[in-house]
Each structure stands twice: as C-alpha cells, then as structure tokens.
Amino acid sequence: MGTVEESFEEEEFVKRKITRRTSFKIQETSSTTKTSTMTTAPAKLYGKDLSEYEELDVDQLLAQLTPEEISILAKEVDPDDNLLPPSQRCSYECTKLPTGPLNRKKLIEHINRQAMETPDQPEVKPFVPGVIRGKKWMPPPQSQLQKDADEQIAIDLGDEYEEALNDATQEEIIDLAAILGFHSMMNQDQYHASLLNKGQPIGMGWDGITKASQPKAFPVDPPNSTNVDNTIQQVSDDDHNLVDLNWNNIKNISDEKFEQLFSALGENTHLETLSLVNVNLNDRTAIKLAEAIEKNNTLRVLNVETNFISPVGIVHLVKALLNQKIIEEFRASNQRSQVLGNKIEMEITKLIEQNPTILRLGLHLEYNDARHRIATHLQRNIDRNMRSLRKSTALATEASFTLGRQQDGSLHIIAQA
C-alpha cells in the first residue's frame with residue numbers, strides 16, 4: 001500500500017503532529033495554507049521490485065534447479081502440447097508397479113462387492129414413513145404485486161378482431177400461429193403446410209398433441225471410388241484431363257501418399273480444384289500442403305474441412321495463399337479445435353485483408369470483429385472482380401466490331417471473327 005502524506009494548516013492555537021506508520025502519515029500545523037502530496041511505492045514480489053525480474057534469464061534459472069525441483073515445477077505446469085501423450089500431460093504420477101493384466105469384469109465385481117459390504121452411516125433420526133424429519137420448508141407468502149402479476153390480464157382487441165377470432169376455424173388458427181411464430185404449438189408438418197398454403201394434414205387439430213415428424217430415410221452416399229495411386233501419378237505427369245481432384249471421405253490414406261501428392265502439386269499446371277474433406281489431415285501434412293500452395297499457380301478451390309488441423313496449421317495455410325494470390329475459395333472449418341481463439345482469428349483476419357483474390361472463405365469465427373472485417377473484405381474482392389469482368393467483356397465486345405465504308409460512301413459495322 002502506498003504512503004500518503006498530507007500537510008495542511010488551519011487557524012488554531014494548538015499545533016499538532018500526528019504520524020501513522022501503517023499506511024498514511026498526516027501532519028497538521030497552524031497556518032492558512034493546505035498542501036496535499038501523494039506518492040505510490042513500486043510493487044514488489046518477494047522483497048524485490050518487478051523491474052528486477054525482467055532482466056533475469058529463465059534458462060539460467062532452470063539450469064540451477066535440481067532434478068527433484070524440476071519434477072515439482074513440472075507438476076505445477078500443464079503443458080499445452082497436443083503432440084504429447086496424455087500420460088505425460090497429466091500431473092498425476094503412479095509409482096506402483098502393475099500387479100497383473102487388467103480384468104475389467106473382476107474389477108467391476110470388486111467395486112460392487114466393496115459397495116455392498118461397506119456399512120451405511122448411521123442416521124441421527126431413523127426414517128419412519130409419513131413422519132417429517134427436521135424442519136419442513138414452507139414457501140414464503142407472495143406479495144400483493146406478485147399476486148397481481150400472476151392474475152390473467154384481459155386485453156381488449158376490439159369487436160372486429162374478437163369476432164374474427166371467434167368465427168375462425170382450427171386451420172385458420174393454426175395458420176395464424178404459424179405466421180406469428182408460435183412454433184411450440186405445432187409440429188413441422190403443420191408449420192410448413194401453413195406457410196406453403198397446402199392445407200393441414202388430416203388428423204392433426206389444434207387440440208391434438210404436438211408430435212415430431214417421422215424422419216425420412218435417405219440413401220447412404222456411395223463410397224469414394226477415386227484411385228489414390230492413379231491420381232497421384234496423374235498429378236505428377238501434369239495430366240491436362242485432371243482438373244478436379246476429389247479425395248473426400250477416403251480412409252487410411254498414409255502420410256507418404258499425401259507427401260507424394262503435395263510434392264507433385266507444386267509443379268502441376270492444370271489442377272484447379274482440390275478437395276480433401278475427412279481424410280485425417282494433420283499439422284505435418286498441412287505444412288506440406290502450404291508449401292505446395294506457395295508454388296502452384298493454377299489452383300482455384302481448396303477444401304480441407306473436417307480434418308485434424310490445429311489453429312496454427314490453418315494460419316500456415318491462409319498465409320500460403322498470399323504467395324501466388326490465385327486461390328479464390330478456401331474452406332477449412334470443422335477441425336480438431338472448434339474454437340480458434342481471439343489471437344488466431346485476428347491473425348487470420350489480417351492475412352485475409354491482404355489477399356485481393358480470395359472470394360469465399362469457409363471458417364467458423366467466434367468474434368464479431370473478425371467476421372465483419374472478413375465479410376467486408378470478401379465483398380470488396382467480389383465487387384472488384386465483377387467490375388473487372390464487366391470491363392473485359394465490354395472491351396471484347398468493342399474489339400469484335402469495327403466501322404467500314406461502302407462504295408456509296410455510307411458507313412456500316414463489320415464484325416470480326
């Protein structure tokens with residue numbers, strides 16, 4: 001706590017001087033002047049100023065610790081490293097040796113037997129049916145304001161509206177409820193029938209029980225039949241027929257296959273769309289993909305949704321888009337970490353604002369500032385693209401027609417091939 005010194009003088013015949021050593025010091029003398037001075041002592045930690053700790057070398061301090069002190073320090077710190085196994089990220093360390101292999105059935109039987117054999121704690125007052133033990137809770141009496149609020153309030157709608165509601169049928173009431181948004185009073189079939197004006201389903205009235213609609217069975221999508229090895233060879237050979245590569249939902253693709261694809265992608269000049277959804281991409285393969293994006297100058301669409309890429313890996317991919325500035329659509333939502341965090345979102349926002357070619361971005365952003373800035377920049381890129389497209393179309397149209405003069409001297413338009 002800082003020390004406050006106040007010295008003021010008043011018209012008195014008594015001269016007093018009071019000093020408090022706890023946190024304040026007050027001095028009073030007889031005069032007509034009042035002066036106040038406040039000084040704040042610097043913050044300290046373990047008897048030293050905080051500025052002294054800024055010059056310390058952390059590595060030097062850790063080198064002076066013994067192995068026992070390092071183990072104690074490691075238990076107090078939770079390493080935020082997803083690459084470490086859970087046993088090394090947990091502060092609990094079991095030093096007992098295993099007594100044998102785990103038998104789940106015997107373990108559950110032992111737990112149940114221990115629960116049955118452990119006696120219950122004796123009750124102070126035994127339970128007797130119908131007898132209240134202790135003090136019975138009584139609700140407090142309601143005030144007059146609460147009673148008035150609980151009473152039903154009558155609303156005068158007017159003769160015209162009351163007459164219309166009294167003469168309305170059940171179907172008309174349901175349609176009115178759908179328009180007003182009373183979704184809890186009807187099911188999906190009644191709601192959509194009211195909006196589409198198809199008539200209410202038979203057997204479902206206003207007084208009926210609201211039930212969920214039966215789910216519709218949709219056929220299962222067929223598995224992806226793309227041959228991984230053949231497509232890698234096509235990308236390596238720069239096949240002009242391979243413009244769209246789709247590896248979505250293909251399981252058990254090894255990291256070596258991804259490395260072969262990404263190493264060939266950097267030199268490919270015909271591939272325009274690459275879709276790698278739900279193929280278990282991780283950070284190591286994502287970095288290889290970012291290196292390939294920096295070299296490729298024909299790819300337009302990149303989709304890596306539903307994988308195991310960390311927020312830092314997504315930043316690497318977004319940063320790689322700035323090298324060639326050729327990709328127009330990038331999607332990377334539904335990754336291992338659903339929440340990117342404020343720092344990562346702001347970094348992605350700054351990178352997107354530097355990209356003049358990106359038109360569509362598929363990412364889940366939590367903060368409104370990042371969403372608004374990215375949406376504004378994408379709309380600006382779309383408008384710029386539309387203006388350039390209209391300008392190029394107008395120039396092509398003007399270049400295809402020229403003026404000519406016939407033998408009689410009149411002008412006519414000549415179309416050029």
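Along the sequence shown, the residues carry numbers beginning at 1.
Applying the 6.0 Å contact sphere to NE2 of His372 captures no more than 12 heavy atoms from other residues, nucleotides or ligands. No more than 12 heavy atoms of other residues, nucleotides or ligands shown are found within 6.0 angstrom of CG on Asp120. Other residues, nucleotides and ligands place more than 12 heavy atoms under 6.0 Å from the NZ atom of Lys251.
A pairwise comparison of heavy atoms in Ile348 and Val315 identifies CG1-CG2, 4.0 Å as the closest pair. Among all heavy-atom pairs drawn from Leu317 and Ala286, the shortest one is CD2-O, 3.5 Å. Contact between Lys325 and Pro356 at its shortest, heavy atoms only, is CD-CD, 3.7 Å. Closest approach of Val235 to Leu245, counting heavy atoms only: CG2-CD2, 4.2 Å. Listed here is the closest heavy atom pair of Phe308 and Gln335: N-OE1, 3.6 Å. Considering every non-hydrogen atom in both Tyr367 and Gly341, the closest pair reads CE1-C, 3.9 Å.
Counted by atom type alone, Gln379 and Asp383 present one or more donor-acceptor pairs between their side chains at under 3.5 Å. In the model, Asn248 has no side-chain atom that pairs as donor or acceptor with a side-chain atom of Asn224 under 3.5 Å.
Looking at Ser392, its side chain does come within 3.5 Å of a backbone N or O of Leu389 through a donor-acceptor pair. Between the Asn280 side chain and the Asn252 main chain, no donor and acceptor come within less than 3.5 Å of each other.
The shortest side-chain heavy-atom distance between Asn307 and Val279 falls under the 4.5 Å cut-off. Taking the side chain as every heavy atom from C-beta outward, Thr273 and Val243 never approach each other to under 4.5 Å. Between Val301 and Phe330 the shortest side-chain heavy-atom distance does not fall below 4.5 Å. A 4.5 Å side-chain heavy-atom check between Thr357 and Ile326 finds every atom pair outside the cut-off. The shortest side-chain heavy-atom distance between Leu274 and Leu265 falls under the 4.5 Å cut-off. Looking only at side-chain heavy atoms (C-beta outward), Thr66 and Ile70 stay at 4.5 Å or farther from each other. Contact of the His270 side chain with the Gln234 side chain is not registered, since no non-hydrogen atoms from C-beta on lie closer than 4.5 Å.
The residues Glu123 and Arg133 are annotated as salt-bridged, a charged nitrogen and a carboxylate oxygen being separated by less than 4.0 angstrom. Arg331 has a carboxylate O that lies under 4.0 Å from a charged side-chain N of Glu329, or vice versa, which qualifies the two as a salt bridge. Residues Arg373 and Asp369 are paired through a salt bridge, judged by an N-O separation under 4.0 Å between the basic side chain and the carboxylate.
Of the listed residues (Val228, Asp229, Ile232), just one forms a side chain to side chain contact (heavy atoms under 4.5 Å, CB included) with Gln260, and that residue is Ile232. The only option from Asn282, Leu289, Ile314, Thr285 that meets the side chain to side chain contact (heavy atoms under 4.5 Å, CB included) definition with Ile309 turns out to be Ile314. Exactly one residue among Asn297, Thr298, Asp238, Asn296 makes a side chain to side chain donor-acceptor pair (under 3.5 Å) with Thr269. That residue is Asp238.
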